[in-house]
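Okay, so here's the structure we're looking at.
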Amino acid sequence: MLSIGFIRDNANEVISRLKVKNFDAETIVNEIISLDVERRNNQQLLDDTLAELNKLSKEIGGLFKSGKTDEANEAKRKTTELKEKSKELNKSYSEIEKQLFSKIVELPNIPHSSVPKGNSEDDNEIVKSNAEIPELGGKALPHWELAKKYDIIDFELGNKLTGAGFPVYKGKGAKLQRALINFFLDEAEKAGYNEVQPPILVNEDSGFGTGQLPDKEGQMYFVGLDNLYLVPTAEVPVTNIYRDVILNANDFPVKNTAYTPCFRREAGSYGKDVRGLNRLHQFDKVEIVNIAHPNHSYEILDQMVSYVESLVSKLGLPYRILRLCGGDLSFTSALTYDFEVFSAAQEKWLEVSSVSNFESYQANRLKLRFKEEGEKKTKLAHTLNGSALALPRILAALLENNQTNEGIKIPEVLQKYTGFAIID
RNA sequence: GGAGAGAUGACCGAGUGGCUUAAGGUGCUCGCCUGGAAAGCGGGUGUGCAGCGUGAAACUGUACCGAGGGUUCGAAUCCCUCUCUCUCCGCCA
């Protein structure tokens, strides 16, 4: 969420810049400003009342000790009114604060100045395209048919065990999954990322910290008996490692990577591009998460984009990089680059990575702060994350693009992980 | 799952209603001392919100001793609820 001080000092800027996200913030911002004034007035009264009460209590203590019981009882009588007053002020304070909070969390993050205007994915800006699209000829099969032909992914079996969107990887398919995970983790480590293996169930505080809760509650699987959520991405547990943490400026940049399965209910997206591996309820992903100094977070973002680009290049996949327009940008993001690879039999671009800078939006929820060298005051850090990479669509593109009469060729970089060069 | 014991600052640890402004120690840091260091001595050392200022700081008020309520003029301390940790038993990959 945006910090109240920033909204207070930059109300007009907040309103105008949120228009890029097609978000009309005027009413909310005005409500926030007036609630903020109300809150501060209320706090002043409350603090004064409590100060007076504290002073009296101390005096009463002294009077009792020196045996002046009558005077003490007299003073006690005076506190009654103050106590009632402070109770009321306390109540109104929490009420105002609650309202203020509920308004502030309604505001999305402010988009970066480079974010293009636009309403949908059609308005995203293509930053780079390396689309040497392979010629497959007429008899190219989509990946779900290849999966069946070589018996490497079993969608029906997943239906039996769980339901739609939970495929079973078999034989060389399972091994290829494992190879991709190891390849991605090894590459991340080479790029300076520290590997962590977090829990894949998280509590409500964690869900709030990265912004999944309260808005996107319906998108996560919820284990009601224990009040826990299955992670939709490793971003949630890995970023929340730093919840309520105060870093030193020289700790930056903090770079973590994690492999986790990811669980998404995908409510409301039934029937659209869900064939095969295109959209699943459970999938594997390696995520990279950075915590950065505010002055350097956009350099870090560029580094992350280059890093992800190196992965898709090494896998030999045709790709393009998009800068998301305001309308397509997520609620919490200030700037997002999407990576898409071309899946040649479906003749479709598939999103395989999303790399974002959240600036201090998540950090404010997380209370993730840092101190400059020698300074006492804390400041909010910047958080960033990116998929590096999400497996299913990578797999879909690899299968489709590398199919030959002899079988499916495995990219050279993966062969030392798979132990085979072809699926036949 | 059963029984018991706990949760105090960066860390250890005292504190059973007001001489607590959270003792004492460790760590860190600044100063003195020193050729330099160690030791020693002295000072400082949390977070949020608000006020005052606005370059920041300082200063003032307030809240925070696992979380949330309650009792009281006054709560780290008493009461209630919850969460978590440890020990033993049970179960178990």
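Throughout, protein chains are lettered first and strands after them, A, B, ... in sequence-line order, and every chain is numbered starting at 1. Any value given below was found using the heavy atoms of this structure, including those in side chains, with hydrogens, waters and symmetry copies removed.
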- Quick one: label A:T80 by what it contacts on the DNA or RNA (base, sugar-phosphate, nothing), any heavy atom closer than 4.0 Å. nothing
- Task: Check whether any side-chain nitrogen or oxygen of A:N54 sits under 4.0 Å from OP1 or OP2 of B:rU62, and answer yes or no.
- Result: yes
- Item | Between NZ on residue A:K148 and NE2 on residue A:H143, distance to nearest 0.5 Å | 13.0 Å
- Task: Would you indicate what A:K371 reaches in the nucleic acid, counting non-hydrogen atoms under 4.0 angstrom: base, sugar-phosphate, or nothing?
- Result: sugar-phosphate
- Per A:R39 side chain, nearest of listed nucleotides B:rC49, B:rG46, B:rG18: B:rC49
- Pick the C1' atom in B:rA10 and in B:rG70, then give their distance to the nearest Å. 33 Å
- Message: With nearest nucleotide decided by heavy atoms, which residue, A:D36 or A:L56, maps closer to the 5′ end of RNA chain B?
- Response: A:D36
- Looking only at side-chain atoms of A:L50, point me to the closest of B:rG48, B:rA63, B:rG51. B:rA63
- Note on the structure: Among B:rU62, B:rG48, B:rG18, the one nearest any side-chain atom of A:T378 is B:rG48
- Message: By the 4.0 Å heavy-atom rule, please label A:L46 as base, sugar-phosphate, or nothing.
- Response: nothing
- Message: Considering every strand and a 4.0 Å limit on heavy-atom distances, what is the contact class for A:K367: base, sugar-phosphate, or nothing?
- Response: nothing
- Under 4.0 Å between any heavy atoms, over every strand shown, what does A:K78 touch: base, sugar-phosphate, or nothing? Just pick one. nothing
- Message: What's the closest nucleotide to the side chain of A:K87 if the choices are B:rG18, B:rU62, B:rU71?
- Response: B:rU71
- Message: Applying a 4.0 Å non-hydrogen cut-off, can you work out what A:R77 is touching in the nucleic acid: base, sugar-phosphate, or nothing?
- Response: nothing
- Task: Could you work out the separation of B:rG43 and B:rG35 based on their P atoms and round it to a whole Å?
- Result: 25 Å
- Contact class for A:Q44 (heavy atom, under 4.0 Å): base, sugar-phosphate, or nothing? sugar-phosphate
- Using a cut-off of less than 4.0 Å, is there contact between a side-chain N or O of A:K55 and OP1 or OP2 of B:rC73? no
- Provide the distance between the two C1' atoms, one in B:rU85 and one in B:rC73, to the nearest whole Å. 37 Å
- How far does the C1' atom of B:rC11 sit from the matching atom of B:rG46, given to the nearest Å? 13 Å
- Item | Proximity to the side chain of A:S57 - top-ranked nucleotide from B:rG51, B:rG48, B:rG74 | B:rG74
- Note on the structure: Whichever of A:Y93 and A:G61 has the more 5' nearest nucleotide on RNA chain B, that residue is A:G61
- Query: Quantified in whole Å, what is the C1' atom distance between nucleotide B:rC82 and nucleotide B:rC28?
  - Reply: 36 Å
- Could you please name the option among B:rA57, B:rC73, B:rG51 that lies closest to any side-chain atom of A:R40? B:rG51
- Task: Look at A:R369 and B:rG46 and indicate whether a side-chain polar atom (N or O) is within less than 4.0 Å of OP1 or OP2.
- Result: no
- Task: Please measure how far the P atom in B:rG51 lies from the corresponding atom in B:rA67, and state the result in whole Å.
- Result: 26 Å
